[in-house]
Amino acid sequence: MKKSIFDKPFTQQEPIPRRAINMAVNVLKTGRLHRYNTIEGQLSETALLEKEYAVWQKSKYCLATTSGGTALQIALRAVGVKAGAKVLTNAFTLAPVPGAISAVGGIPILIETTRDLTLDFDHLLKTIKTSKAKFMLISHMRGHLSDMESLMTILSKNKICLIEDCAHTMGASWNGKKSGNFGSIACFSTQTYKHINSGEGGFITTNDKKLIASAILLSGSYMLYNKHLSAPNESEFKKLKFLMPNCSSRMDNLRASILRPQLKKIISNQKRWNIRHDYFKNKLSKIDGIYVPSRPLKESYVGSSFQFLVSENWSRNMIERFIKKVKKRGVELKWFGDLEPKGYTSRHESWKYFPSHKLKATSKVMHQLIDMRIPLTFSLKDCRIIYKIIQEEFLIEFKKLS
Ligand SMILES: *Cc1c(COP(=O)(O)O)cnc(C)c1O
């Protein structure tokens with residue numbers, strides 16, 4: 001029998017909506033691309049986007065930035081992370097997270113990850129005691145939310161300030177509360193592979209007027225903070241304006257204009273993503289030898305990517321062969337156990353710019369962890385072909401074990 005082949009790229013997002021293209025053209029025609037380049041009485045696309053995102057997110061304030069990574073750096077500075085400050089974060093995350101902590105002079109302190117890809121609370125409690133860290137940057141990695149109520153209890157008991165990295169959870173919620181609304185401040189990304197697409201871009205949201213005023217000043221407001229719609233009173237800025245370095249990380253009106261229409265699609269896209277994600281979850285979790293991370297009932301996720309674990313007794317060779325064989329048939333799986341980062345799958349042993357950690361549990365999970373992007377350009381029929389290819393090649397390797 002001839003083996004089926006899949007021939008669509010795993011990196012192909014949907015086109016930018018028609019309305020967004022029209023809005024972008026209108027901005028281009030004015031030449032006024034800089035967010036503060038407005039005429040008397042005019043509101044910029046960026047200021048409007050911030051106001052609309054704050055409403056959508058149910059947060060009081062929002063600031064748009066050049067990227068998710070710069071949003072993280074500004075949020076860390078805004079809450080007061082200074083050189084040498086310890087910042088707790090999950091060991092299983094992507095490189096911009098420890099990168100942001102290091103960029104502002106902080107020291108990442110890594111917390112073990114469970115096989116459900118959430119924080120190991122026992123290890124967190126121990127590490128809070130030994131490190132005495134006062135900050136935590138949680139990355140809701142690959143859209144998996146930790147038990148947020150338990151986390152907030154632990155953090156408030158220990159007076160630890162929480163920053164949420166919601167790059168993979170825009171639109172997700174825990175027990176009815178939106179991801180990003182648990183900590184003091186939250187960061188989002190609008191980079192092409194996230195849930196809305198402006199090429200590059202990011203948001204900061206918070207309910208705290210001092211934090212948003214700090215963030216606006218840090219983003220490089222040239223004292224034009226009165227052009228923001230999603231901002232506190234002038235008095236808040238007056239207290240801070242000579243204390244915040246300008247980190248030039250402003251979003252521009254061109255990107256803002258293509259994001260505004262996309263906000264209206266987050267919920268419908270979540271449904272489309274989850275139909276695809278849940279198809280893989282239901283099918284793959286029935287295969288002997290595959291573990292699909294459990295998703296608690298309190299979690300409402302956005303399934304823009306899919307993860308599964310192979311058994312721990314699979315050797316590096318077996319996993320590499322499996323990945324190579326599905327790849328030959330057009331299916332792009334990423335392996336977090338690879339010794340060297342390939343694309344986005346960097347693991348904590350590769351971040352050599354801060355003191356290394358011995359994390360046995362996380363290393364074991366990373367060895368087993370396979371990741372797949374699910375672009376919305378894939379139909380359900382595509383998903384069925386992809387599943388068949390994974391299943392067939394998995395079984396060939398799996399049979400060699402027995
Ligand atoms: C993409 C991403 C970021 C940073 O976003 P950029 O917009 O690419 O800077 C941060 N954290 C996680 C987990 C991400 O996946």
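The figures that follow rest on heavy atoms only: side chains count, while hydrogens, waters and symmetry mates do not. Atoms within each ligand, like the ligands themselves, are counted from 1 in listed order.
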Check your understanding: Going by heavy atoms, is G202 under 4.0 Å from ligand 1?
Key -> no
Review point. Does S189 reach ligand 1 with a nitrogen or oxygen that is under 3.5 Å from one of the ligand's nitrogen or oxygen atoms?
Key: yes
Practice item. Can you pull out the closest protein heavy atom to atom 9 (O) of ligand 1? Residue, atom name and distance to 0.1 Å, please. Key: G69 N, 2.7 Å
Revision key, fill the gap. Residue, atom and distance of the protein heavy atom nearest atom 8 (O) of ligand 1 read Q191 NE2, 2.8 Å
Practice item. Please state whether the rings of F10 and F6 are parallel, tilted or perpendicular, taking 30° and 60° as the class boundaries. Key: perpendicular
**Study point:** salt bridge (charged side-chain N to carboxylate O under 4.0 Å, His left out) against K210, all qualifying residues, sequence neighbours excluded
**Key:** none
Exercise for review: Taking only heavy atoms of S139 into account, list the atoms of ligand 1 that are under 4.0 Å away from them.
Suggested key: 13 (C)
Check your understanding: Parallel under 30°, tilted from 30 to 60°, perpendicular over 60°: which one fits the rings of Y387 and Y279?
Key -> perpendicular
Exercise for review: May I ask you to identify, for V97, whether its side chain, its backbone, both or neither come under 4.0 Å of ligand 1 on a heavy-atom basis?
Suggested key: side chain
Review point. Just distances here: any N/O of H168 and N/O of ligand 1 closer than 3.5 Å?
Key: yes
Practice item. Say whether, by atom type as modelled, one donor and one acceptor occur between the side chain of N158 and the main chain of I160 under 3.5 angstrom. Key: no
Exercise for review: Using the six-membered ring wherever Trp is involved, compare the ring planes of W273 and H195 and label them parallel, tilted or perpendicular (cut-offs 30° and 60°).
Suggested key: tilted
Check your understanding: What do you reckon, does G68 have a nitrogen or oxygen under 3.5 Å from a nitrogen or oxygen of ligand 1?
Key -> yes
Review point. Going by an N to O cut-off under 4.0 Å, is there a salt bridge joining E52 and K264?
Key: no
Study note, to complete from the structure: Under 4.0 Å from one or more heavy atoms of L94, ligand 1 contributes atoms 14 (C), 15 (O)
Check your understanding: Listed by chain and number, what are the ring-ring contact (aromatic ring centres under 6.0 Å, His included) partners of Y36, not counting sequence neighbours?
Key -> H34, H228
Point to revise | Lys NZ or Arg CZ of K177 over F182 ring: under 6.0 Å, within 45° | key: yes
Check your understanding: atom 2 (C) of ligand 1: which protein heavy atom is closest, and how many Å away?
Key -> K194 NZ, 2.5 Å
Review point. How far is atom 10 (C) of ligand 1 from its nearest protein heavy atom, and which residue and atom is that?
Key: D165 OD2, 3.6 Å
